[in-house]
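Right, one structure below, let's go through it.
Proteins come first, then strands; the chains are lettered A, B, ... in the order of their sequence lines, and each starts at number 1.
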Amino acid sequence: MSKVRVRFAPSPTGDLHIGGARTALFNWVFARQHQGQFLLRIEDTDQKRCTEEYKNSILNGLRWLGLDWDEEPVYQSRRKDRHLEVAHDLLSKGLAYYCVCPPQAATPPEEKSQNTAPCPCREAGHVSGALRLKRPLKGTLSCKDVVYGSVEVEYAQLDDMVLVRSNGMPTYMLCVVVDDYDMGITHIIRGVDHLTNTLRQMLLWQAMDWEMPECAHLPLIHGQDGKKFSKRHGAVSVIEYQKLGFLPDAVCNALMRMGWGHDDTELVTKEEAVSIFSLASVGKSKAQFDLKKLYHYNQHYMANMPTEILLEILKNYTSDPFDEDFINKAKQIFPEIVKRVKTLHECAEALQVLHAPKAYLEHVEDDAINMVRDVLLSCEKWESDALEASFREYCLTHDCKLVAVAQPLRVLITGKKVSPPIFLVMSVLGLQEVMERIKQYEEQASKSESP
RNA sequence: GCCCCCAUCGUCUAGAGGUUAGGACACCGCCCUCUCAAGGCGGAAACACGGGUUCAAUUCCCGUUGGGGGUACCA
C-alpha cells in the first residue's frame, strides 16, 4: 500500500468542536501508526460564514490537543482555478452539463419523494447555468467502508450534483474530491454524517477515473439526550474544555474511547493508542458524551503528572501569583491536593489553603482555640507526623477523639470544613503563619461579636 | 415522503454460535480515616421486540419498533 496520507478538513465556521476533535484525533492516530502523514485542509469556500478567527481557533485547538500536522495546511479557497479546471474537463468529456433549473433549496420535504427523475437539462445543451455531474441512471453504487462494511445505493436515488454554481463558484462536493486527489489522500476518515456525501462523491472519482481512497466513517457523538451534540449540551468546543481546566490528555482519552474500544483498556493516551488502534475495531453505533467520565480521566492524568509539570500548567492556567515561596509550599502539599481535585480550576482553588482564609465557615469556641495554641506551642518538631502525634497524645490524656480537635484546627487554619490533611497543611505553613492565622480568627471573631 | 445507517447495564464499551455476558464512569453499602478525597472490598444495573436458521442464539438472516444521518447552486 502506498504511504498513508490522511487529512482533517474543518470548515472554519466555528471553534473546533468535540466531534471534529475526535475525527482529527482518529486521523492523527491512524497516520502516526502507519508512519504516514496527517494533513490539514481548511475548507473555507463559504465566504459568508468562514472567518480567520475561527481558523486560528481550530488550529489552536489542535495544537492544544497535541495533534501536530504535517505540511502546510491547504486552503480550499485558494484552489478555485484547479477546481474549475476539473469541472471543465468533465464538461468537455460530456460527463457534465449546464442546468438552468431554479435552485431547490426551498422545496418542501413532501414534494421531494419524486425528485429523482433525470433533469431535462441533461440533453438540452445549455452553455451556462449550474454545472452538474451526469450520473449513471441505472445500477447500484457500492462503497466499501472500513467501519460500516459495504453500503449500497441505487444511482436513481442520487441526483446530478452541482459541481459549479451558476455564479461560477465551485461547490464543496467538487472541491473535496479534487483536493483529496491532489493531496494524495489514501484514507478518508470522517463522520458518518458524510456517508451519503461519500457515495455521491464516488461518482466524481469515477468520472475522473481516479482511484478512490479507502473510506472509514466514524459514528457520531451525541449529547446526553441522544440528540446531535450541540451547545445545548454544555461545552461543545475543545477550547471551552481547556478553559474549564481539563488536560489535553484527558480530553483525548475521552475522545479515544468514543466509538472505539480495545479489550478492557480505559486509560489510553493518544500515543498509546497509536500502537493498539485499529480502524476495523471502530464501532458503528453512536456515542453520548459523558462529562462525568471526562472528570475521572482528568483526575487520573493530573494525579499521574509530575508535580513540576502540573504546577507549570497551573501557573499558565490561573491568574494567581506563583512566587517562589508559594511554589515551594505548593510542591509539598501537591500529592494530597491532586487526589482531591478533578480540574485545574479546582486545583488552583484547593491551593488557596496556602493563603490565609478570607472567611470562616464555622465558629470555633475559645476553649478550643486556647487548647490548640497550647498544644502547638508545646510541639518540638514542626513536622506533619510530629504535629499529629502531639494532638493524638493530647486527645489520649483528655479522653477525646482526634476529630474533635482536628476540625476546630481546620477551621482556624483554612476557614473551611474540608481541607487536605490539616497537620500536613500546618507543617507546610510553619509555626509563625499558623499562629498568625489563629490570631486572625480571633480578631475577626471579636469584630463580628461586638455590635 | 424517499434513501442510508445504527441498536449489550443510566453512560462509554468488551465479548463470543454454548460465558456466572467482562471492564470503566456514575450510583449504593462496608472498610480505612483528622474532614474531604484517594484507595480497598462488595452491591444493584444490559444483550429493544417478533419471527426464522441451528442441537443451541444476545451473537447469523428477515421484519417491527426506536434512534440517528442525509435528502441544497451549505460545508
Less than 3.5 Å between a donor and an acceptor, one on the side chain of Lys286(A) and one on the base of C6(B), is that the case here?
-> no
Can you tell me how far P of G10(B) sits from CZ of Phe289(A), to the nearest Å?
-> 21 Å
Distance in angstrom units between Ile422(A) CD1 and C34(B) P, rounded | 14 Å
For Gln288(A) and C12(B), what is the distance between atoms CD and P respectively, to the nearest whole Å?
-> 5 Å
Could you tell me whether the side chains of Gln407(A) and Arg410(A) share a donor-acceptor contact shorter than 3.5 Å?
-> yes
Is Arg257(A) near enough to A24(B) that one of its side-chain N or O atoms lies under 4.0 angstrom from OP1 or OP2?
-> no
Hey, are Lys55(A) and Asp44(A) close enough for a salt bridge, meaning a charged N less than 4.0 Å from a carboxylate O?
-> no
Hey, is the side chain of Asn197(A) pairing donor to acceptor with the base of A75(B) inside 3.5 Å?
-> yes
Heavy atoms under 4.0 Å, any strand shown: does Thr45(A) hit a base, just sugar-phosphate, or nothing?
-> sugar-phosphate
Roughly, in whole Å, what's the span from CD in Gln299(A) to C1' in A38(B)?
-> 7 Å
Select base, sugar-phosphate, or nothing to describe what Cys101(A) touches, counting heavy atoms under 4.0 Å on all strands.
-> base
Leu402(A) side, atom CG; Ile422(A) side, atom CD1 - distance, nearest 0.5 Å = 11.5 Å
